[in-house]
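First the structure, in the form of structure tokens, and then the observations on it.
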Amino acid sequence: MDSKLKATLNSLHSHLAQSGPLDEESRTLLAQLDGDIKQLLAGNAATSADAAEESSTYGLAERAQELGAKFAVKHPHLEPALRELGNILSSMGI
């Protein structure tokens with residue numbers, strides 16, 4: 001699952017590089033989500049469901065999906081990658 005998550009993140013980064021300028025709020029939200037996912041992949045995030053609720057990584061799937069919906073209007077090419085990211089995180093129970 002980690003390899004699929006990493007591939008989706010790489011795809012998202014590629015789309016972001018081609019998307020043109022983003023507003024400050026969007027950049028901040030994406031950077032925070034990216035940092036939390038990288039922390040998770042590095043093994044620094046909690047592994048149990050109870051601990052995950054207390055960690056900063058809780059709700060990553062929902063945050064990715066919310067960002068996808070937000071980007072659907074201004075940056076529609078980013079929405080599929082964010083949706084896929086949300087689905088992967090959700091299937092991981094995050």
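Atoms CG and CZ, from Leu12 and Phe71 in turn, are 8.5 Å apart once rounded to the nearest 0.5 Å. Summarising the geometry, atom CD belonging to Gln39 is positioned 11.0 Å from atom CD1 belonging to Ile37; distances are rounded to the nearest 0.5 Å. How far OG of Ser3 is from CG of Asn10: 11.0 Å, rounded to the nearest 0.5 Å. Taking CG of Leu85 as the start and CZ of Arg63 as the end, the distance is 10.5 Å to the nearest 0.5 Å. One distance of note links CG of Leu9 with CD1 of Ile88; it measures 8.0 Å at 0.5 Å rounding.
Ala61 and Gly86 make their closest contact through CB-O, 3.4 Å (heavy atoms, listed as atom of the first residue, atom of the second, distance). Shortest non-hydrogen contact noted between Leu89 and Ala64 is CD1-CB, 4.5 Å.
Thr8 is linked by a side-chain hydrogen bond (donor to acceptor under 3.5 Å, both in side chains) to nothing, counting only residues two or more places apart in sequence or in another chain. Evaluation of the side-chain hydrogen bond (donor to acceptor under 3.5 Å, both in side chains) rule for Glu79 yields Arg83 as partners, not counting sequence neighbours. Partners of Asp34 under the side-chain hydrogen bond (donor to acceptor under 3.5 Å, both in side chains) rule, at least two apart in sequence or in another chain, are His13, Lys38.
The closest side-chain donor-acceptor pair between Ser26 and Asp23 falls under 3.5 angstrom.
Looking only at side-chain heavy atoms (C-beta outward), Lys70 and Gln65 stay at 4.5 Å or farther from each other.
Side-chain atoms of Thr28 come within 3.5 Å of backbone atoms of Glu24 as a donor-acceptor pair (strictly under, hydrogens ignored).
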